[in-house]
Chemist: 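Quick one: structure below, then a few questions.
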2 protein chains.
Amino acid sequence: MSEKTTIYDIAKALNITAATVSRALNNNPKISAATKKLVMETAAKMNYKQNRLALALKSGKSNNVGVIVPYIDRNFFSAIIRGIEEELYPLGYHVIICQTHEQESTEIDNINALLNAQVDGILMSVSKLTTQTDHFEYVLEKNVPLVFFDRKKDLKGVSTVTIDDFEGGYRATKHLIDQGCKRIAHLSGDWSLEIYKNRYEGYKKALTDHGIALKKEYVIKTKSDIRAGQKASEKLLMLPEPPDAIFSSSDYVALGAIQQLKKHGIKIPTEFCVVGFSNEPFTKFLELSMTTVDQSPVEMGKMAAKVFLEQVKDSNVKIEKKVVLSPTLKIRMSSVK
Amino acid sequence: MSEKTTIYDIAKALNITAATVSRALNNNPKISAATKKLVMETAAKMNYKQNRLALALKSGKSNNVGVIVPYIDRNFFSAIIRGIEEELYPLGYHVIICQTHEQESTEIDNINALLNAQVDGILMSVSKLTTQTDHFEYVLEKNVPLVFFDRKKDLKGVSTVTIDDFEGGYRATKHLIDQGCKRIAHLSGDWSLEIYKNRYEGYKKALTDHGIALKKEYVIKTKSDIRAGQKASEKLLMLPEPPDAIFSSSDYVALGAIQQLKKHGIKIPTEFCVVGFSNEPFTKFLELSMTTVDQSPVEMGKMAAKVFLEQVKDSNVKIEKKVVLSPTLKIRMSSVK
DNA sequence: TTGTAGGCGTTATCAG
DNA sequence: CTGATAACGCCTACAA
């Protein structure tokens, strides 16, 4: 029983031809009910399982999609992958995972490997260190659907699923203003990634909309970790006129800020409010739970999958869909006076 | 340039046969250096990329491995997947992801789908609700290597990579004893999963080794979430002689316990110590950081991948390797008086 | 050293 | 309705 049974085995057992077996198995209308039933039964009896590799070679569709992310164990990305998988699995697609470690060379490598593996599409979030776009254009040349989620590059023919980072930044900042904060600082990331630029723009707009002047020294670009948050907030506190609130583009940076503020004996939220970004799981579990912007990553993954599906459906027409999801402000203790 | 170039295209361009091209591309010794060079150059010029599907069909090896986990966005599992991917990618393998949602029927479904896709191996963690083992035996019948990580079923011919849960439970409990705790409770999980049973056994052994009697009412089986932790610890506090420490098999349950203790105004760690299990990322970020048992999931993933590789290397000999990793106790604030 | 031919498992096309 | 045949892209005896 360890041998794989093929449609030939079934054909032989039934004294018919493999073509007929194939037809029976595939609900082809041109087949008698009798033989169909017979084939089905013996197929079950012989424990036949379709070899998807052969089908893939024949049809040119592998029913695999490649997903490329910086690190799979970052909650934001694993949640997106979860969404993609859950949307695609019922339709017979499998998800192949690749990690870039934020390296452009690895990203290029991944794309080539996935293309060789004949994936039906590539869904990805661009790595931080990526500057070129040749490898993306190469994917398009091959007529393989390409969908960017969260981190994107602007390219003709590529669909994208993002959240409205501007809106997220705006709401977070407005919330702080509503809480009565007067001197709101912003901890941002590298602006070569649009997401950070957009969050900053939202912050800026919210301030000006409410008649608050933007202070250059209140905006600091940092890496996305706790240490960076500690250092940046220390710098802010040393200012002649220190801020009374921080909107951070990263939950980790926000956490670092909170830790530093506590070290200085500053009371949160009464004296100082903090808002993060991403709704990382830990933000909810903190004793002083953190207000943050939720990006609904599972939904983002599902949406990316849907966009991909539309693309394969009408592979003749070039679709270039830009889906922008709305962020949700999760108001928690770190910002409510 | 959108057409895929095959070895036939190269052959035609060079007025040689596809077989020769194939040999040149594969470093076959029986070929002249001249033609080899020529083939290589035109292959590069024509942007040839090997079709791995065709190779897979021909060779019977897809160079894909299937990984099945309950949920991909649980940090423990995504970290394991990260380890697997990082170990296998350099060798040309790709990782296909499936989620069971803890359902046995989905698990069976996933296995069949992966088998149909001709994966070279399946690495998985058994779902909580799985009772049968037929589908695992079926994998073995097909001569597809099967490796369990963390959650396993005992089966002949299956390799496993786990951590020493007994040891983890023992160390956690001994640590509490060393801290001077006298009445140590244990919040466990469903014992149909060995891991929970073993952690309990470690707890028990540590107690008896130190001359402490096991109290039945101090051991409660719960689900693995915060709410369950709150409820269970409430029950413990209502006991005529409430405990002064909790060792929990789950970080989430431990967090629920801590929250409940605080509600009662109990001071941690001075009056009460808590130790969790898994080293979920949030445990480190809590204001009162949580002592917990680290399972080094990335290492576990790498090890599972290595075991798989050994298995495919000598596919003739049936290997049944049982790797047991050592857990590490991360001592933090929730348990140090 | 190179060419020829067959096959991996399926499906699609064309006859019958 | 069913059978025969070719094709997907690659590799590998075997023959030359």
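The structure presented is a predicted model; accordingly, all values stated were derived computationally and were not measured. Letters A, B, ... are given to chains in the order of the sequence lines, protein chains preceding strands, and every chain is numbered from 1.
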Chemist: Assess the residue pair A:E41 and A:K45 against the criterion (salt bridge (charged side-chain N to carboxylate O under 4.0 Å, His left out)); give the C-alpha distance rounded to whole Å, side-chain angles, the decisive distance to 0.1 Å, and a yes or no.
Modeler: CA-CA 6 Å; A:E41 285 172 1; A:K45 205 176 300 166; 5.7 Å; no

Chemist: How many whole angstroms separate atom CG of B:L57 from atom P of C:dT10?
Modeler: 9 Å

Chemist: Rounded to the Å, how far apart are B:L14 CG and C:dT1 C1'?
Modeler: 15 Å

Chemist: Measure the distance from CG on B:N27 to C1' on D:dT12 and round it to the nearest whole Å.
Modeler: 16 Å

Chemist: Is a salt bridge present between A:R151 and A:E102, judged by a nitrogen-to-oxygen distance below 4.0 Å?
Modeler: yes

Chemist: Nearest whole angstrom, please: distance from the P of D:dG3 to the NZ of A:K12.
Modeler: 15 Å

Chemist: Between D:dC8 and B:T6, is there an OP1 or OP2 to side-chain N/O distance shorter than 4.0 Å?
Modeler: no

Chemist: For D:dG3 and A:T20 - does any side-chain N or O of the residue sit under 4.0 Å from the phosphate oxygens OP1/OP2?
Modeler: yes

Chemist: Should A:T35 be listed as having a side-chain N or O under 4.0 Å from OP1 or OP2 of D:dT2?
Modeler: yes

Chemist: Each nucleotide N or O in nucleotides 11-15 of chain C that has a protein N or O under 3.5 Å away: list the pair and distance.
Modeler:
unit_1: C:dT11; atom_1: OP1; unit_2: A:N26; atom_2: OD1; d: 3.4
unit_1: C:dT11; atom_1: OP1; unit_2: A:N26; atom_2: ND2; d: 3.3
unit_1: C:dT11; atom_1: OP1; unit_2: A:Q50; atom_2: NE2; d: 3.0
unit_1: C:dT11; atom_1: OP2; unit_2: A:S22; atom_2: OG; d: 2.7
unit_1: C:dT11; atom_1: OP2; unit_2: A:N26; atom_2: ND2; d: 3.2
unit_1: C:dT11; atom_1: O2; unit_2: A:K58; atom_2: NZ; d: 3.2
unit_1: C:dT13; atom_1: O4; unit_2: A:R23; atom_2: NH1; d: 3.4

Chemist: How many whole angstroms separate atom CG of A:L53 from atom C1' of C:dG7?
Modeler: 15 Å

Chemist: If you compare all heavy atoms of B:V298 against all heavy atoms of B:R82, which two are closest, and at what distance to 0.1 Å?
Modeler: CG2-CD, 4.5 Å

Chemist: Run B:E310 and B:K306 through salt bridge (charged side-chain N to carboxylate O under 4.0 Å, His left out) and show every step you take.
Modeler: CA-CA 6 Å; B:E310 280 183 42; B:K306 280 178 190 160; over 6 Å; no

Chemist: Atom CD of B:Q118 and atom C1' of C:dT10: how far apart are they, to the nearest Å?
Modeler: 12 Å

Chemist: Describe the nucleic acid contact of A:K36 in one word from base, sugar-phosphate, nothing, applying a heavy-atom distance below 4.0 Å.
Modeler: nothing

Chemist: Please tell me which of B:N15 and B:S59 maps to the more 5' nucleotide of DNA chain C, matching each residue to the nucleotide holding its nearest heavy atom.
Modeler: B:N15

Chemist: Write down the distance between NZ (A:K4) and C1' (C:dC8), rounded to a whole number of angstrom.
Modeler: 11 Å

Chemist: Base, sugar-phosphate, or nothing for B:I16, non-hydrogen atoms under 4.0 angstrom?
Modeler: sugar-phosphate

Chemist: For atom NZ of B:K49, is the number of surrounding heavy atoms from other residues, nucleotides or ligands below 6.0 Å larger than 12?
Modeler: yes

Chemist: Short question: side chain of B:K4, backbone of B:N51 - any donor-acceptor pair under 3.5 Å?
Modeler: no

Chemist: Would you mind reading off the distance between A:N63 atom CG and C:dT10 atom P, rounded to a whole angstrom?
Modeler: 15 Å

Chemist: Salt bridge between A:D154 and A:K152, side-chain N to carboxylate O under 4.0 Å?
Modeler: yes

Chemist: If you check the A:T17 side chain, which of C:dG3, D:dG3, C:dG9 turns out closest?
Modeler: D:dG3

